[in-house]
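Working notes, structure below.
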2 protein chains.
Amino acid sequence: MAEALEAAERLCARRGARLTEIRRRVLELVWRSHQPVGAYTILERLGRERGRVAPPTVYRALDFLIAHGLVHRIASLNAYIGCAHPDRDHIGQFLVCSGCGSAAELDDRRIDRAIRSGAEAAGFAVERPVIELAGRCPNCRERGRDART
Amino acid sequence: MAEALEAAERLCARRGARLTEIRRRVLELVWRSHQPVGAYTILERLGRERGRVAPPTVYRALDFLIAHGLVHRIASLNAYIGCAHPDRDHIGQFLVCSGCGSAAELDDRRIDRAIRSGAEAAGFAVERPVIELAGRCPNCRERGRDART
DNA sequence: CCATGCAATGTTATAGTGTAACATCCGCGA
DNA sequence: TCGCGGATGTTACACTATAACATTGCATGG
Ligand SMILES: [Zn+2]
Ligand SMILES: [Zn+2]
Ligand SMILES: [Zn+2]
Ligand SMILES: [Zn+2]
């Protein structure tokens, strides 16, 4: 996580983007959670440090982080997660565990190729794929733990 | 669309599920829209016919329709769309056009295989994939029309 | 130094999406 | 008839996100 922060610093410096205090703090909070985290959870945690914080503050920071690929949004959860490889220009593919709530990022070229060629066969040009695979992570799978869903 | 309604009737009859007046009406409204449609849009349209209708009425109908595969939810749009092949046991893969707002369902085995094998390689068992590909449909692509995004 | 312009943030209010909880109705079988 | 379970009605609320406008703060050229 510390390295994620450093990577973010470097990346922003290189691009001339300003990783301000708030943006940096939001990024930290996203990383600190080991699961995808909701905007209002961030809001609340940020509020503990800085007194009252309003939703736009958090959403603007998230917008910035997402625009720079430092954070991904997981639409099926309305939640946000840090990206471990913001340098690579990539789309996210997510493995979302319904047992423990964790999410891992996958970056499988074959999946990317399959969706692009499948879509192309239908005459469709993919721009922003949303790939979010709900299921069971290795841990939860092994332990046959009760689902949270 | 009429045939979608009939298919729904048959499917529910076969399963002993009750396609009640409201559920049927919601299904019609979903199909009548040629784009993915939001729950509150359905709510409003349903309200025109039946006087005041509250959100749970619509959400319950949608839950039923989704459970029986008659309707899919598109998470990245918070919207719902009718399924043309409710018989086939399938997951949905969607091509969502950011130009005209339309959405087409794709059912590409190769995509399904690619995601399952990719996830499996990470020890992850996929249960409910969410595949929503935002991009340009053939029409909008050709006409270089202005994006809505 | 000051003007001034632009990006970032603060602030208030509101829009949009979805559910909990409990009441009521209605058809069907014991 | 009585009771039961599924469907619907009703109210209230939780959660997610954005619009609109005010303010701050910093860089940059005059
Ligand atoms: Zn990533
Ligand atoms: Zn798990
Ligand atoms: Zn379908
Ligand atoms: Zn289009």
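Sequence lines set the chain letters: A, B, ... in the order given, protein chains first and strands last, and positions in each chain run from 1.
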Classify A/Phe64 by what it touches in the nucleic acid, base, sugar-phosphate, or nothing, heavy-atom distance under 4.0 Å.
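Answer is nothing: A/Phe64 stays at 4.0 Å or more from every strand.
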Need one value for A/Arg23: base, sugar-phosphate or nothing, where a base atom within 4.0 Å counts as base even if backbone is also close, heavy atoms only.
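Touches sugar-phosphate only.
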Identify whether a stacking contact exists between A/Tyr40 and D/dC15, where the ring centres must be under 5.5 Å apart and the planes under 30° apart.
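No, A/Tyr40 does not stack on the base of D/dC15, since the centre distance and plane angle fail the 5.5 Å and 30° test.
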Which residue, A/Arg18 or B/Ala61, contacts DNA chain D at a nucleotide closer to its 5' end, judged by nearest heavy atom?
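Of the two residues, B/Ala61 wins.
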Residue whose closest nucleotide on DNA chain D lies nearer the 5' end, A/Pro55 versus B/Pro56
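Residue closer to the 5' terminus by nearest nucleotide: B/Pro56.
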Specify the separation, in whole Å, of atom [atom1] of [X] and atom [atom2] of [N].
X       : N      : atom1 : atom2 : result
A/Leu19 : C/dT9  : CG    : C1'   : 15 Å
A/Tyr59 : D/dC15 : OH    : P     : 12 Å
B/Asp63 : D/dT8  : CG    : C1'   : 14 Å
A/Arg25 : C/dT9  : CZ    : C1'   : 17 Å
A/Asn78 : C/dG16 : CG    : C1'   : 11 Å
A/Leu77 : D/dT16 : CG    : P     : 10 Å
B/Ile22 : C/dC26 : CD1   : P     : 13 Å
A/Leu43 : D/dT18 : CG    : C1'   : 14 Å

Does the pair B/Glu21/B/Arg24 count as a salt bridge with the N-to-O cut at 4.0 Å?
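No salt bridge links B/Glu21 with B/Arg24.
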Taking the side chain of A/Arg73 as its heavy atoms from C-beta onward, which of D/dA17, C/dT9, D/dG9 lies nearest to it?
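Closest nucleotide among those given: D/dA17.
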Can you tell me whether the side chain of B/Arg60 and the base of D/dG9 have a donor-acceptor pair closer than 3.5 Å?
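Result: at least one qualifying N/O pair found.
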Side chains of B/Asp63 and B/Arg73 in contact at under 4.5 Å (non-hydrogen atoms):
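No; the side chains remain at least 4.5 Å from each other.
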Does atom CZ of B/Arg109 have more than 12 heavy-atom neighbours from other groups under 6.0 Å away?
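No, not enclosed.
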Are more than 12 heavy atoms, taken from residues, nucleotides or ligands other than B/Glu49, located less than 6.0 Å from that residue's CD atom?
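Yes, enclosed.
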Report yes if at least one side-chain N or O of B/Tyr80 is closer than 4.0 Å to OP1 or OP2 of C/dT17; otherwise report no.
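No, outside the criterion.
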Side-chain N,O (A/Thr57) to OP1/OP2 (C/dG10) below 4.0 Å:
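So the side chain of A/Thr57 is within the cut-off, an N or O lying under 4.0 Å from OP1 or OP2 of C/dG10.
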Between A/His72 and A/Phe94, does the ring-ring contact (aromatic ring centres under 6.0 Å, His included) criterion hold? Intermediate values first, please.
CA-CA 10 Å; A/His72 295 289; A/Phe94 298 94; 5.2 Å; yes
